[in-house]
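Report on the following structure.
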Amino acid sequence: QVQLVESGGGLVQAGGSLRLSCAASGRTFSSYAMGWFRQAPGKEREFVATISWSGGSTYYADSVKGRFTISRDNAKNTVYPQMNSLKPEDTAVYYCAADLWGVQTIVSTAYDYWGQGTQVTVSS
């Protein structure tokens with residue numbers, strides 16, 4: 001069983017920054033590919049970013065490319081999306097997810113475990 005706990009969400013003005021965290025349980029965190037998704041009210045969950053088990057490979061949705069950076073610290077079992085130049089349209093609940101097979105993917109159904117989500121609200 002893997003538990004994922006997100007933190008770092010909150011209210012920020014447009015143009016501001018937030019750094020989310022996702023802490024994972026499990027002794028084999030360093031073998032997981034990790035993903036971040038978000039869901040705005042009335043919309044489907046959408047892919048944001050993914051990072052490989054080593055951190056050497058990252059991939060971003062076009063909507064966040066150049067503004068968001070995802071990183072991980074395997075010694076701390078934690079993955080961090082740094083979100084800069086935030087826009088009101090970034091407002092959503094942000095979820096981290098783990099793929100235990102180490103497969104990077106933008107497909108949400110491929111992930112094995114999910115966190116409970118953290119709210120990010122960007123005011124204009």
Side-chain angles (χ1 to χ4, degrees):
Q1 188 75 12
V2 175
Q3 290 187 325
L4 303 174
V5 180
E6 301 100 332
S7 61
L11 174 64
V12 63
Q13 289 188 331
S17 299
L18 278 176
R19 188 194 196 204
L20 305 183
S21 297
C22 174
S25 65
R27 292 175 292 177
T28 56
F29 173 79
S30 59
S31 67
Y32 308 160
M34 299 296 293
W36 280 86
F37 293 78
R38 66 187 182 186
Q39 188 165 18
K43 295 187 177 181
E44 294 187 352
R45 189 170 297 187
E46 66 172 358
F47 167 76
V48 174
T50 181
I51 187 167
S52 65
W53 62 272
S54 68
S57 173
T58 57
Y59 185 77
Y60 300 92
D62 288 343
S63 58
V64 307
K65 199 173 296 181
R67 300 188 297 122
F68 290 14
T69 302
I70 189 170
S71 62
R72 67 189 295 162
D73 185 339
N74 286 340
K76 296 182 178 180
N77 281 16
T78 304
V79 60
Y80 307 97
Q82 174 68 43
M83 308 187 297
N84 299 328
S85 303
L86 284 163
K87 305 176 181 179
E89 51 263 44
D90 293 318
T91 295
V93 177
Y94 283 72
Y95 299 89
C96 68
D99 183 304
L100 302 190
W101 297 98
V103 178
Q104 274 186 284
T105 177
I106 67 171
V107 179
S108 62
T109 54
Y111 287 86
D112 302 291
Y113 290 95
W114 291 81
Q116 82 289 349
T118 186
Q119 176 70 48
V120 172
T121 303
V122 184
S123 63
S124 58

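Here the structure is a predicted model, which is why all the values come from computation and not from measurement.
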*asked:* Using the rule given for side chain to side chain contact (heavy atoms under 4.5 Å, CB included), can you reason through Y113 versus Q1, listing the C-alpha separation, both sets of side-chain angles and the distance that settles it, and then say yes or no?
replied: CA-CA 9 Å; Y113 290 95; Q1 188 75 12; 3.9 Å; yes
*Test item: side-chain donor near acceptor, E6 and S21, under 3.5 Å*: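 Short answer, no.
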_Between T78 and D73, do the side chains contain a donor N or O and an acceptor N or O under 3.5 Å apart?_
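Side-chain D/A pair, D73 to T78: absent.
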Are side-chain heavy atoms of [X] and [Y] found at a separation under 4.5 Å?
{"X": "F68", "Y": "P81", "answer": "no"}
{"X": "Y59", "Y": "I70", "answer": "no"}
{"X": "T50", "Y": "T105", "answer": "no"}
{"X": "L18", "Y": "V120", "answer": "yes"}
{"X": "F37", "Y": "Y94", "answer": "no"}
{"X": "T118", "Y": "L20", "answer": "yes"}
{"X": "E46", "Y": "R38", "answer": "yes"}
{"X": "S17", "Y": "Q82", "answer": "yes"}

*Closest heavy-atom contact between M34 and L4?*
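That would be CE-CD2, 4.1 Å.
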*asked:* For A40 versus A92, what's the shortest heavy-atom pair and its separation?
replied: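 Reported closest heavy-atom pair: N-CB, 3.8 Å.
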Is a side-chain donor or acceptor of [X] paired with a backbone partner of [Y] at a separation under 3.5 angstrom?
{"X": "T91", "Y": "V122", "value": "yes"}
{"X": "N77", "Y": "A24", "value": "yes"}
{"X": "D112", "Y": "A97", "value": "no"}

How far does [atom1] of [X] sit from [atom2] of [Y], to the nearest 0.5 angstrom?
{"X": "Y32", "Y": "C96", "atom1": "OH", "atom2": "SG", "answer": "12.0 Å"}
{"X": "Q13", "Y": "T121", "atom1": "CD", "atom2": "OG1", "answer": "13.0 Å"}
{"X": "S123", "Y": "L11", "atom1": "OG", "atom2": "CG", "answer": "5.0 Å"}
{"X": "C22", "Y": "Y95", "atom1": "SG", "atom2": "OH", "answer": "13.0 Å"}
{"X": "S31", "Y": "W53", "atom1": "OG", "atom2": "CH2", "answer": "9.0 Å"}

_Stacked cation flag R45 on W114, 6.0 angstrom / 45 deg_ =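 Yes.
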*Cation-pi check, R72 to F29: give yes when NZ or CZ is under 6.0 Å from the six-membered ring centre and within 45° of the ring axis, no otherwise.*
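Yes.
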*Would you mind telling me which of N84, V48, T69, L86 makes a side-chain contact (heavy atoms from CB on, under 4.5 Å) with V64?*
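Result for side-chain contact (heavy atoms from CB on, under 4.5 Å) with V64: V48.
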_Between the side chains of D90 and K87, is the shortest nitrogen-to-carboxylate-oxygen separation below 4.0 Å, so that they form an ion pair?_
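Between D90 and K87 there is no salt bridge, as every charged N stays at least 4.0 Å from the carboxylate O atoms.
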*Determine whether M83 and Y60 fall in the same hydrophobic cluster, where Ile, Leu, Val, Met, Phe, Trp and Tyr are linked whenever their side-chain heavy atoms lie under 4.5 Å apart.*
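Shared cluster, yes.
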*For atom NZ of K65, is the number of surrounding heavy atoms from other residues, nucleotides or ligands below 6.0 Å larger than 12?*
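For K65, atom NZ is crowded (more than 12 foreign heavy atoms under 6.0 Å).
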*Given side chain to side chain contact (heavy atoms under 4.5 Å, CB included), test L100 with Y111 step by step and report yes or no.*
CA-CA 8 Å; L100 302 190; Y111 287 86; over 6 Å; no
